[in-house]
Amino acid sequence: MTTIAQRLQQLRDIMRRERLAAFIFPSTDPHQGEYIPDHWKGREFISGFNGSAGTAVVTLHSAALWTDSRYFIAAEQQLKDTEFQLMKLKVAGTPTIAEWIMGQCAANNESSTEVGVDGMVCSTAEARDLIGELRRHGGFTLRTNLDPLHEIWKNRPPIPMNPVEIYPMQFAGEAAHDKLSRVRRALRQQHADGMLMASLDDIAWTLNLRGTDVHCNPVVVSYLLISTSGATLYVDRRKLSAQVISYLKAEGVSVDSYENVKQGLKDYFEYNILLDPNEVNYTLFSVCPREKVEAESPVKRMKTVKNERERLGFREAMLRDGIAMVKFLKWLDEEIAKNASLSELTVDERLTALRAEQPLYRDISFDTIAAYAEHGAIVHYEATKETDVPLRPEGLLLLDSGAQYMDGTTDITRTIALGPLTDEMRRVYTLVLKGHIQIELAKFPSGISGTQLDVLAKRAMWREGLSYLHGTGHGVGTYLNVHEGPHQIRMEWKPAPLVAGMTVTDEPGIYLEGRFGVRIENTLLVVPYKETEFGQFLGFESLTLCPIDKRPIDVAMLDDEELQWLNDYHQTVFDRLSPHLDAAEQEWLRQACAPLER
C-alpha cells in the first residue's frame, strides 16, 4: 500500500511528462453521483479524505482540498500529516481553485499553462466553469483526456459487477414503458428528439430496476439513451439475467455494453438530443455530433413527485422503521441505566440489527452517524475503530440513520439525552427543536422554492447568534438514493419548486466544536393544504414516526403552537406504533409520547 506522499510523487512524475501545471480530482464518477463506487474514488485515493463532497488539486509543488462546512473538522483530521491544505468553501478568504493554481504556479515560476482533469468524471457544466475561470486567472487551458490513476492506482477496484433486479410494480406503481412515454412527451415539449440519461437513480427509477453497485444506493452503473422510437441501456451484460433481458425487451429497451456508450452517441441518428450539462460528463458531451438541447433532465422532477403507491410505500416503510427505532431507544435507555458498556459502534450495530428484523429491509440508506459528545459537532461523523468512544450516562448522543426498504427509504435524526445536561445543551437543543417545528408547521403557495422556507428553521437560533451551514432539507428517493433533488430547503438559492407529492427532510442543527452537536430530523411529504383566491397552498405531513426526546427541552422556550405540535405529533406516533409493540415497549412509548406541559 503506497502512502499519500508516494502517490503524489508518482502523480507529479506523470504531470511533468505531460507538461501539466496542475491536476484536479473531483469527488464524482462518470454519472455525477454523490455516492460513488470504489473504482472512481480517485480524490480519496490521492488525498486520503473520504467525505462525499470535495475537490483535490495538486500542482508540482503543493496540494489542496476544497470541501464544505459538513466536513471541515473531519477533513482537518484526515489531511493531517499530508501536504494537503484544507480550503473551506464559502468562508471569506478562501481562494477559488483557479486563483490558487495561479498563485502556486506564479510562486514557483512554473511555465506550463495546462491543467488536467479526467473529462469522464467532470460534468460539462463544471468543465465549462473551470475553462472560463482558468482562462481568466493566468490564461490556463484545461486538458480532459487524461486519467493518471490508470498508472498510479495499483489494484484499483473494478467497476461493480453486481446483478440487476426488477423493481416490482407493486412498489413502483407505474410501468417502465409508461415512464418512457412520459419522458418522450416531456422531451417533445423541449423540442428534443431524445436524450442521454447518465444519473444512476434516474435510470433505476425510469426502468424500474434496482442493484447494489453503489454503497447504500440501490442503483446500477449504466447509461440510458432514449430516442423517439426506442431506448438502449448501456450496461455490463454479465449483470443481466435472462429474466431481466426479457423484461427490458418487453418494455421497449434494448441492451448494449457499458463501454459502447461513446459509440452509441456517435451513431445517434435523430436530429437533436437533450444533454443535461450538470449530469452528462464533459467527455460524452463532446463526442456527440448532433445538435444539443441543453436542459435539465425531465426525469429529475418526475421521480421526486411520488405516485399514490410510492406514497403508501413511504408510510409503510416509516411505520416499520419507527418500530425498529422504538425498540432501539428503549434498549438504549435500559442499557445506559445499567451503566452497560456501550460505544458509538455498538449503538450503530444494534440499531442496524433491529432494522434488519423488519419486513422488506434491504440495507442501510447511508452510513450511520452515531456521534457522542464532541463528536456530535462533526456534521458527517462516522465512527471507526480508531475514533470510537464509550458512551457515558451524561450528555448528548446524535444519531442520524436510515434504511432501505423495498417500499421506501428512511432518514431520521434524533439527539438523545444519556443523562445530566448543561443549560447550554438544553438551550441549543430547544432552539433546534423550534426550528424543526417551524418547518413542520409551514404553509406556503405551491411552486415556491425551499430556499424561501429556510429562514423558518433558523429564525430562533439567529436571534441567539447561532446557525448552521448545511442544508435544512433534501428529497428522499423511493427505495433509491437518500439524497434526491433538485428541490431542497437550504440558504443558497435553489429554484426547484416544492409541489404536492414530494418528500423532503427537515433537519436543522447546531454544532459547537469540541463540545456537542444537536440535529433533529423527520422526513416529510408535501401535501395540499387549502385552495383560495390566491391559489393552491401546501403544507407538510410527517412521515417519520419516532418520539423526539423531551428530556433536553426547555419548555419555557416553546410557544403555544410549537408545544401543541409536539404533543400532537407524539400522539400520532403512539397511535400508529403502539399496536405493533409488546406491552413493555408500549409502556416505554407511552411515557416517551406523554404530553409535555409547562
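Here the rule is side-chain contact (heavy atoms from CB on, under 4.5 Å) with L225, and of D256, L265, V261 only L265 fits it. Of the residues E18, E110, E83, the one that meets the salt bridge (Lys or Arg N to Asp or Glu O under 4.0 Å) test with R12 is E83. Screening R309, R182, K179 for a salt bridge (Lys or Arg N to Asp or Glu O under 4.0 Å) with E174, the sole residue that qualifies is R182.
No donor-acceptor contact under 3.5 angstrom links the side chains of S112 and E114, judged on distance only. Side-chain contact, Y468 with S69: no donor N or O sits under 3.5 Å from an acceptor N or O. In this structure, a donor-acceptor pair under 3.5 Å is absent between the side chains of H483 and D411. For the residue pair T409 and Q404, a side-chain donor N or O sits within less than 3.5 Å of a side-chain acceptor on the partner. Checking Y511 against R519 by side-chain atom types alone, a donor-acceptor pair falls below 3.5 Å. Looking only at atom types and distance, the side chain of Q85 has no donor-acceptor partner in the side chain of S62 under 3.5 Å away.
Aromatic ring centroids of F84 and F49 lie 6.0 Å or more apart.
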* Check against salt bridge (charged side-chain N to carboxylate O under 4.0 Å, His left out), D193 and R290 -> CA-CA 11 Å; D193 296 324; R290 298 297 179 181; over 6 Å; no
* Run the salt bridge (charged side-chain N to carboxylate O under 4.0 Å, His left out) check on D202 and K300 step by step: do they pass? -> CA-CA 7 Å; D202 285 5; K300 294 290 181 203; 3.3 Å; yes
* Start with the C-alpha distance between E76 and K88, add both sets of side-chain angles, then the distance that settles salt bridge (charged side-chain N to carboxylate O under 4.0 Å, His left out), and finish with yes or no. => CA-CA 10 Å; E76 284 178 350; K88 297 181 178 181; 3.4 Å; yes
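Side chains of Y223 and H31 form a contact here, defined as non-hydrogen atoms less than 4.5 Å apart. Side-chain atoms of V57 and I101, non-hydrogen and from C-beta on, do get closer than 4.5 Å to each other. R490 places none of its side-chain heavy atoms less than 4.5 Å from the side chain of H474. With a 4.5 Å cut-off on side-chain heavy atoms, S199 and Q32 do not count as touching.
To the nearest 0.5 Å, atoms CG (L134) and CG (L142) are separated by 6.0 Å. Note: W66 CH2 to L86 CG = 10.0 Å, rounded to the nearest 0.5 Å.
The backbone N or O of H177 lies less than 3.5 Å from a partner atom in the side chain of S181, making a donor-acceptor pair. With hydrogens and angles ignored, the 3.5 Å screen pairs no side-chain donor or acceptor of K494 with any backbone N or O of M491. Looking at E270, its side chain does come within 3.5 Å of a backbone N or O of T228 through a donor-acceptor pair.
Other residues, nucleotides and ligands place more than 12 heavy atoms under 6.0 Å from the NE2 atom of H61.
The aromatic rings of Y479 and Y167 sit tilted relative to each other, their planes meeting at an angle between 30° and 60°.
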